2 protein chains.
Amino acid sequence: MIGDLRLPDPGQLEAYFALTEAVALLQHQVDQQLRAEGGISAVQFELLMTLNGSSTGLTMTQLADGVVYSRSGLTYQAGLLEKAGLVTRGPSPEDERATLVAITPKGREIVGRVLPGHIEVTRKLLYDAVDEADLNRLGRIMSQVRDHIRSEPPRSAGPRRRRRAAGI
Amino acid sequence: MIGDLRLPDPGQLEAYFALTEAVALLQHQVDQQLRAEGGISAVQFELLMTLNGSSTGLTMTQLADGVVYSRSGLTYQAGLLEKAGLVTRGPSPEDERATLVAITPKGREIVGRVLPGHIEVTRKLLYDAVDEADLNRLGRIMSQVRDHIRSEPPRSAGPRRRRRAAGI
DNA sequence: TATTGTTATACTCTATAACTATA
DNA sequence: TATAGTTATAGAGTATAACAATA
């Protein structure tokens with residue numbers, strides 16, 4: 001049915017399925033906690049956390065690094081955060097094209113409010129599930145994977161042959 | 001700013017961030033491949049793969065196991081797949097309340113069409129990034145995490161103190 | 001010309017609550 | 001009463017393409 005396709009061995013499949021399923025479960029509960037305690041989504045939390053580490057603010061492009069979203073999606077999220085008073089947006093002195101995004105005191109307050117619960121959730125679901133040695137291994141392995149993917153040529157490089165789609 | 005909160009150590013944070021970022025990057029590219037070559041989303045692919053392993057079909061409830069979605073979300077996806085002719089829905093002979101979902105030949109065709117590319121993407125992004133020993137470790141660790149989360153009491157158990165939200 | 005960012009638009013997806021029907 | 005599933009609805013999020021402004 002699949003022809004001469006070399007299938008991944010069971011160990012590879014198990015790793016892939018366990019990885020995606022566990023992360024989906026984890027992210028779902030993380031998102032619930034952030035919405036319940038801070039009224040923000042996981043994406044917004046990630047943006048606030050990134051900005052929290054910068055005193056001068058970041059440009060939209062810098063903010064987009066490390067996030068998967070499109071530029072317009074990021075503009076949308078930044079707009080929501082600005083409307084809620086958690087960030088400010090202003091022109092960059094260095095590059096007139098750029099927009100500098102900075103976290104506000106209220107933004108830091110929200111981060112401080114949700115962080116304990118966030119840590120509690122991740123501890124309960126992730127840190128408590130594996131011992132310290134395995135957690136170190138996990139961090140090393142997934143850092144490797146992340147760096148590997150980031151070093152790959154951009155998606156559009158390989159003009160993949162596009163066959164007829166199901167059209168859902 | 002955060003009071004006496006015990007912060008996770010750097011190793012824990014690194015593992016968590018690397019995990020979520022790497023999986024986000026991986027899933028994004030997997031989704032692109034599935035849409036380009038099969039016109040289906042990652043969720044729909046997962047559902048088809050699950051049904052592909054069952055000869056008699058599965059009920060909506062059985063299908064929901066292993067997926068994070070709400071019942072209505074699953075109904076929506078099943079409706080899309082049915083409209084596209086990739087699955088059928090019919091009453092279960094054993095339980096009149098249940099709906100039996102089964103994959104069609106056309107559904108199997110789509111799976112066969114996208115699977116090689118799917119395997120190619122995961123191989124390039126995940127399997128090629130780590131050696132065999134690490135992949136086995138990853139599978140073991142994440143299976144542990146998945147089972148741990150699944151064994152946790154359902155979300156609603158702990159009536160978390162709900163503070164004022166940002167209201168985004 | 002290339003880059004930075006926004007906007008308009010359309011669409012996909014998800015969740016909540018109310019509802020039907022069967023166990 | 002509890003369970004299986006659907007529907008109506010509403011909202012959040014995402015991507016694409018066109019656009020304006022600066023490098």
Side-chain angles (χ1 to χ4, degrees), chain A residues 24-25 27-29 31-32 34-36 38-47 57-65 67-84 87-102 154-156 165-168, chain B residues 24-25 27-29 31-32 34-36 38-47 57-65 67-84 87-102 154-156 165-168:
Chain A
L25 290 167
Q27 285 178 333
H28 192 251
Q29 299 209 15
D31 203 68
Q32 301 273 6
L34 292 172
R35 287 181 191 281
I40 59 175
S41 69
V43 175
Q44 291 156 1
F45 175 66
E46 202 182 325
L47 293 175
L58 298 173
T59 68
M60 295 293 283
T61 297
Q62 291 171 326
L63 208 46
D65 292 346
V67 185
V68 182
Y69 305 139
S70 62
R71 287 179 304 162
S72 70
L74 188 59
T75 296
Y76 171 75
Q77 291 296 341
L80 290 183
L81 291 172
E82 187 181 35
K83 220 178 297 177
V87 307
T88 57
R89 279 191 290 185
S92 165
E94 299 181 2
D95 187 334
E96 290 285 333
R97 298 171 301 180
T99 297
L100 264 189
V101 187
R155 274 290 306 158
S156 51
I168 299 188
Chain B
L25 291 168
Q27 285 178 334
H28 191 252
Q29 300 210 14
D31 203 68
Q32 300 273 8
L34 293 173
R35 287 181 191 281
I40 58 176
S41 68
V43 176
Q44 290 157 0
F45 175 67
E46 203 181 324
L47 293 174
L58 298 173
T59 67
M60 295 292 285
T61 299
Q62 290 171 326
L63 209 46
D65 291 347
V67 186
V68 182
Y69 305 140
S70 61
R71 288 178 304 161
S72 70
L74 188 58
T75 296
Y76 172 75
Q77 292 295 342
L80 291 182
L81 291 172
E82 187 182 36
K83 220 178 299 177
V87 308
T88 57
R89 280 192 291 185
S92 165
E94 298 182 2
D95 187 332
E96 289 285 332
R97 296 171 303 182
T99 297
L100 263 189
V101 186
R155 274 288 308 157
S156 52
I168 299 186

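Naming: A, B, ... by sequence-line order, numbering from 1 per chain. Remember, predicted model here, so these are calculated numbers, not experimental data.
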**Prompt:** How close do S41(A) and R35(A) get, heavy atom to heavy atom, and via which atoms?
**Reply:**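 Taking S41(A) first and R35(A) second, the nearest heavy atoms are CB-NH2, 3.3 Å.
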**Message:** To check you understand the geometry: which heavy-atom pair defines the closest contact between E82(A) and T88(A), and what is its length?
**Reply:**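 Scanning both residues completely, I find the closest heavy atoms to be OE2-C, 4.5 Å.
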Length of the line joining [X]:[atom1] and [N]:[atom2], which is rounded to integer Å:
{"X": "E94(A)", "N": "dT22(D)", "atom1": "CD", "atom2": "C1'", "answer": "15 Å"}
{"X": "L47(A)", "N": "dG13(D)", "atom1": "CG", "atom2": "C1'", "answer": "13 Å"}
{"X": "E96(A)", "N": "dT6(C)", "atom1": "CD", "atom2": "C1'", "answer": "16 Å"}
{"X": "Q62(A)", "N": "dT3(C)", "atom1": "CD", "atom2": "P", "answer": "16 Å"}
{"X": "L100(B)", "N": "dA4(D)", "atom1": "CG", "atom2": "C1'", "answer": "12 Å"}
{"X": "Y69(A)", "N": "dG5(C)", "atom1": "OH", "atom2": "P", "answer": "18 Å"}
{"X": "Q27(A)", "N": "dT14(C)", "atom1": "CD", "atom2": "P", "answer": "13 Å"}
{"X": "D31(A)", "N": "dG11(D)", "atom1": "CG", "atom2": "P", "answer": "18 Å"}

Please report the interatomic distance [atom1]([X]) to [atom2]([Y]), rounded to the nearest 0.5 Å.
{"X": "S92(B)", "Y": "Q62(B)", "atom1": "OG", "atom2": "CD", "result": "8.5 Å"}
{"X": "Y69(A)", "Y": "L63(A)", "atom1": "OH", "atom2": "CG", "result": "12.0 Å"}
{"X": "L81(A)", "Y": "Y76(A)", "atom1": "CG", "atom2": "OH", "result": "10.5 Å"}
{"X": "L100(A)", "Y": "E94(A)", "atom1": "CG", "atom2": "CD", "result": "8.0 Å"}

**Prompt:** H28(B) side chain N/O closer than 4.0 Å to the phosphate oxygens (OP1, OP2) of dT14(D)?
**Reply:** no
Picking from [options], which would you name as closest to the side chain of [X]?
{"X": "S41(B)", "options": "dC13(C), dT22(D), dA4(D)", "value": "dC13(C)"}
{"X": "D95(B)", "options": "dT14(C), dT22(C), dG5(D)", "value": "dT22(C)"}
{"X": "A98(B)", "options": "dG5(D), dA15(D), dG5(C)", "value": "dG5(D)"}
{"X": "T61(A)", "options": "dT12(C), dT4(C), dT14(C)", "value": "dT4(C)"}
{"X": "R89(B)", "options": "dC13(C), dT6(D), dA23(C)", "value": "dT6(D)"}
{"X": "R97(A)", "options": "dT14(C), dG5(D), dA23(D)", "value": "dA23(D)"}

**Item:** Whether Q77(A) side chain and L74(A) backbone form a donor-acceptor pair below 3.5 Å
**Value:**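 Between the backbone of L74(A) and the side chain of Q77(A) there is no qualifying donor-acceptor contact (under 3.5 Å).
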**Request:** Pick base, sugar-phosphate or nothing for L80(B), based on heavy-atom distances below 4.0 Å to the nucleic acid.
**Result:** sugar-phosphate
**Touch class at under 4.0 angstrom, heavy-atom based, for S92(B) against every strand present** =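 It contacts nothing in the nucleic acid.
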**Item:** DNA chain C contacts among residues 70-79 of chain B, heavy-atom distance under 4.0 Å
**Value:**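 Those residues are S70(B), S72(B), Y76(B), Q77(B).
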